[in-house]
Structure formats: structure tokens, C-alpha cells
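A note on names: the letters A, B, ... follow the listed sequences, proteins ahead of strands, and every chain is numbered from 1.
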Amino acid sequence: MSTPVRVRFAPSPTGQLHVGGARTAIYNWALARRTGGVFILRIDDTDPERSTDENVSAILRGLRWLGLDWDEGPEVGGAFGPYFQTQRSDTYVDGLATMRAGGHAYPCFCTSEELETKRDAARLKGGFAGYDGTCRSLDPETVAVRLAAGEPHVWRLAVPEGRTEVVFDDAIRGHLSFPADALDDFVLVRTDGTPTYNFATVVDDALMEITHIIRGDDHLSNTPRQILVFEALGHVVPVFAHLPMIWGPDGKRLSKRHGAASVEAYRDEGFLPEAVLNYLALLGWSLDGETTIISAQMLCDSFSLDRVSSNPAILDTDKLEWMNGAYIRELDAEGFVAHMIPWLVDAGLTTVEQTEAQRAWLLQLAPLVSERIKRLDEIVPMVRFLFMDTIEIDPAVREKALTSENARAALAGARELLSQIPDFEAASIEAALRAVPEIADVKAKVVFLAVRVAATGTTVSPPLWESLELLGREKALRRLDAALAGGVDDPATHP
RNA sequence: GGCCCGUUCGUCUAGCGGUUUGGACACCGCCCUCUCAAGGCGGAGAUCACGGGUUCGAAUCCCGUACGGGCUACCA
């Protein structure tokens, strides 16, 4: 019987949930779900300068949007709370007491200025530039006096004497070894009494009984330091798994410049959460090297750390969009309409509440659109023509498609036949338009292009027959008339 | 400077001593077709960063170099 997995995602609310953090969360969540373990969300807000409540809510929203749920943490509680580090001050006081009792921490009275000059000097000479241990060798009486006098001080970790190296087995990168002499007595508690990240995170991970720490690569060098704290606390060292970074398309740090950097920005650009989850999950992890579409359920059934890649990945927006398109196409009409309505409402094309007829009409429209978009934000430009009273036609397009004699003959013929068909449904419309070339003596291509431009305003649109049907006979004929009237001055060709 | 990590088609990856290095996106061509998509078929694209080893045999193991990245804060 092995101990149940307890993993955590511990973001600092210094910004929104970005894709790198989202992927870390996904992997933690997936491992918990896979193993029947517990997924914990903890807010590491020890940096008062940059942490905000808005960022906290944005992160929670982003996680929920992706479909992640946590078993312990903000909004859900849990036996190991509170789950905000700013609410756990006592915990760190206790943690420091434990460290002191074991002789693993000591006060340091060096000022920032002193440290800075020493550090600069050390780096100039080359080699190790960490804390030189000045205050470590202070005799106990002196320390007691200075402490009693209330002299400002921080608390530092006392790296064990004689420790030569810190080794651990990373679940992703394998056996790792760090020489201990490159580890300095880093600060655990600041002058103001607040804990530093490297201390707070270990105290909490220990207390929350975290078994696996899955986090970004940027923490790899912190790990030996943190292991020393786990040991000093007398706690078993969890398994570590360090994820490689995610880079922007130019190989640089991911930022707004590359389009969306935050998960919610992807939502706003019309990405489906399932697609973003799928894409991110596969950015650094693979099921078998073949599978590209994988559901959340499959992820939870098959995720394992040993299939996580150890090399950094570049975010490929093209592939994400392709994947999003694949998910959109999988939606049935009902599902797509549900996604479509908010975008239509935002554009002022329809209302939140639909009549029975409007709903039926949207259900008919859905498959025409869902098959040809990669993102939801393409919906409005594609269907706007159906909602407008009149449409604008680009002069160049008009010139190309509507003004030639052939085009006018085609439009006239189409108008004639379309006004005669008994019903105004796609099949009849198609039959009518296919008959136009012969009676008007023009090429089929000319007919279809002219009617398309006249009815939709563009050369590219959803399928013509269906578009005309959705437009309705009255509106469709009006547009053909408008095209005929707007083309040339001579109205002789009017029916 | 020191310590650490990484390097397979443009991109994401499969590979874990013996395969013609497989798949996906993007790209190109053909088919389908009322435009655009979608779909189908096919193509091009990787001297597995480089140089040494180990081995009968290396993309796979070891060492070095180059390049990229991280840490080296009283940030996280």
C-alpha cells in the first residue's frame, strides 16, 4: 500500500494564469486524477508587492475554464488550510522555531549594502558568490545581545557542515547531483519577519504532505536548497518533477507580443477549453507519439510523469488553431449554437433569448459555419451578411463579379428563376441556379460568383444554396435587385 | 564568473543498443467541389547540434565542445 499522491499547483498571483502555469496545473491535476490522489491549489502570495486579489480570481477562473477542479484550496477548503500563504504566518513562525531548535537556522545582521559589495567582490574574483557565512560564526552571547537589542536581522539556513552534495532523482530528468559548496546559507525569513519563497513553500509542502512537486524548470536550481530545508524540518523529501519551459514562436519568453499569453486571452480569441487543454497537455507530454486528439478523460486515465519530455517547447499557434478547429467540428449543432450565441449577442446580431423559429434557423446555420472556422471569433464575420438589412460590397469585388454584361445577365436570370421556385429551400435553389447558365448563356462560374457576391457581399462565403435559403426569398431577391441596380447606369436589363 | 539543465524534419513529438528515424501541425501537388473550408490520396522536409570514445553494432551509453536556457535576491 503506497501513500496516496498529494500534488499541488502553487501559483503566485502576480499575473494571470499563463500557458506555462496552466500546463503545470494540468499535469499536477492529471497525475492526481490518474492515481486517485489529491490535487491541491495553494496561492503563494508571499510577494506583497505584486500579488493582487484580481489575479487570484483570474487564476481560479482560468483553471475552472480549462475544466480543472481541485480537491483542496480556495473556494473548496480542506483539512490542510488555509491555502493562502499570507494567511499562514504562524506556520512559518513555527517552521523557523523548528529550524532553530535543530540548529539549522541562525540570525544574520549583515545589511543589504554589505552583502552587495561582498557579492560583487566575490564575483569579480570568480567562482562562488553566495553568502560568506559571516554571521554564522558569531558567538552565542553576541548573538543573544544583538537580538535582545532588537537589531534588524534575517534568518538564514545553516547548510550542514561537511555536506558535500545534494542528490535527488527527478521524475523527468533522472538522477541529479549538486555540489553543496555552491549552496549558500540563503535567507529563510526576512527582516520584517515574513518568509521567503524557498522557505514558505517547503514549510507548506511539508505540512500539506505533498508527495510530488511538479513545477517549472526555473525552480530546478532551487531544489537542492529546498531539500536541505525539508531535511532540516525532519520531513521526508517529496518526489520532484521539473517541467521544461514553454517559449514563444520566436524562441523567446512567452509574452503578449506572441498573441495570447494568458489562458483567458485564448478564451477571448475563440478557443475552446478542451482544445487548449489538449494542446497544452501534449506540449511536453505524449501518450504514444501518434495520438493528437486526447480528451480530459483520456488524459486522466493515462498521464504519467515518465512520458514528460525534458526539452523546452515552442508554442505553435497554427497547431493550436488546427486542434481548436477539430474540436469545433466535433460539436453537434446544439453544441455549436451554444458557443455561437454569445458571439452573435456581443456583435449585436441577435438576442440572448431565442424564439423557436430563430433557434431552428441557428441550428440550420451551425454546421455551415462550424466546418469552416478554426476559432469562434470567425463566426461573426462569416455570418454577418445574413443579419444585415443591406450589405456593403467592395468596389473591386463589385467590378470583378457584378458589372460585366455576363454577370448582369446571370443575375437577371437568377432573379427570374429564384422568384419562380415554389419553395425557397437549398435543393430548389441549387436546381434553379444550375439552370441559369443555359437560359442566360453564361458560364456557371459567372452565375455562382455573381449571385454569391450579390447575396453575401464577398467572394468567399458559406455554401450558396444554403446561404440563400437562410437569407429567405424576400431578402435574397432584394439583394439581387440591388446588385442589378447598383452595377451600371442603364437599367435596361432589369426584369 | 560559478553551479545546473537542455539539443531528432520549420514546430510539437515517437524512439529508451540492431526500425528504410514513425506520427501530427505547417508547406506543396492531386482528387472532391457553387467560393472557402472540411475530407481523401500523395510529396517534399531530420548527415538525430558538433567532436571523440565504449560496442560486432549508437539518435539511444560515456566524455568534451558549441549553442540555448535556468539559478546564483530580504522575487517567485
Do any side-chain nitrogens or oxygens of [X] fall under 4.0 Å of OP1 or OP2 in [N]?
| X | N | value |
| --- | --- | --- |
| Arg375(A) | A37(B) | no |
| Ser221(A) | G70(B) | no |
| Arg329(A) | G39(B) | yes |
| Asn311(A) | U8(B) | yes |
| Arg119(A) | A73(B) | yes |

Counting the atoms with a prime plus P, OP1 and OP2 as sugar-phosphate, which does [X] contact under 4.0 Å by heavy atoms, base, sugar-phosphate, or nothing?
| X | value |
| --- | --- |
| Ser310(A) | sugar-phosphate |
| Thr194(A) | nothing |
| Val154(A) | base |
| Thr292(A) | sugar-phosphate |
| Ser177(A) | sugar-phosphate |
| Ser12(A) | sugar-phosphate |
| Pro463(A) | base |
| Glu330(A) | nothing |
| His242(A) | nothing |
| Gly325(A) | nothing |
| Arg307(A) | sugar-phosphate |
| Phe448(A) | sugar-phosphate |
| Pro244(A) | nothing |
| Asp288(A) | sugar-phosphate |

Nearest to side-chain heavy atoms of [X], which nucleotide of [options]:
| X | options | value |
| --- | --- | --- |
| Val187(A) | C3(B), C74(B), U11(B) | C74(B) |
| Glu466(A) | C74(B), C34(B), A26(B) | C34(B) |
| Ser286(A) | A14(B), A26(B), U33(B) | A14(B) |
| Ser112(A) | A76(B), U11(B), C74(B) | C74(B) |
| Ser309(A) | C74(B), U13(B), C34(B) | U13(B) |
| Asp44(A) | C74(B), A76(B), G6(B) | A76(B) |
| Arg372(A) | A26(B), C4(B), U35(B) | U35(B) |

(request) Have a look at Trp285(A) and tell me which of Asp306(A), Ile294(A), Leu305(A), Leu280(A) forms a side chain to side chain contact (heavy atoms under 4.5 Å, CB included) with it. (result) Ile294(A)
Side-chain donor/acceptor contact of [X] with base of [N] under 3.5 Å:
| X | N | result |
| --- | --- | --- |
| Arg173(A) | C5(B) | no |
| Asn222(A) | A76(B) | yes |
| Lys319(A) | A26(B) | no |
| Ser461(A) | C36(B) | no |

(request) Determine the minimum heavy-atom distance between Ser310(A) and Arg173(A), stating which atoms define it. (result) O-NH2, 3.0 Å
(message) Looking at every non-hydrogen atom in both residues, tell me the closest pair between Ile59(A) and Ser12(A) and how far apart they are.
(response) CD1-O, 4.2 Å
(request) In sequence, state the C-alpha distance, the side-chain angles, and the governing distance for Arg225(A) and Asp184(A), and then conclude on salt bridge (charged side-chain N to carboxylate O under 4.0 Å, His left out). (result) CA-CA 8 Å; Arg225(A) 292 174 229 283; Asp184(A) 62 350; 3.6 Å; yes
Around [X], counting heavy atoms of other residues, nucleotides and ligands shown, do more than 12 lie under 6.0 Å from its [atom1]?
| X | atom1 | value |
| --- | --- | --- |
| Asp332(A) | CG | yes |
| Lys400(A) | NZ | no |
| Glu114(A) | CD | yes |
| Arg136(A) | CZ | yes |

What's the gap between [N] and [M] when it is taken at their [atom1] atoms, as a whole Å value?
| N | M | atom1 | value |
| --- | --- | --- | --- |
| C31(B) | A46(B) | P | 28 Å |
| A44(B) | C5(B) | P | 40 Å |
| A38(B) | C28(B) | P | 13 Å |
| U11(B) | C27(B) | C1' | 12 Å |
| G22(B) | C9(B) | P | 13 Å |
| A73(B) | C67(B) | P | 25 Å |

(request) Tell me which of Leu176(A) and Asp218(A) sits closer to the 5' end of RNA chain B, going by the nucleotide each one is nearest to. (result) Leu176(A)
(message) Between Leu282(A) and Glu290(A), which residue's closest nucleotide on RNA chain B lies nearer the 5′ terminus?
(response) Leu282(A)
(message) What is the distance, to the nearest angstrom, from the CG atom on Asp132(A) to the P atom on U72(B)?
(response) 18 Å
(request) Provide the Watson-Crick or G-U wobble partner of A37(B), both distances under 3.5 Å; none if there is no partner. (result) none
(message) For U54(B), give the paired nucleotide (Watson-Crick: N1-N3 plus N6-O4 or O6-N4; G-U: N1-O2 and O6-N3; both under 3.5 Å), or none.
(response) none
(request) State whether Lys374(A) and Glu378(A) are salt-bridged, where the test is any N-O pair (Lys NZ or Arg NE/NH1/NH2 against Asp/Glu carboxylate O) under 4.0 Å. (result) no
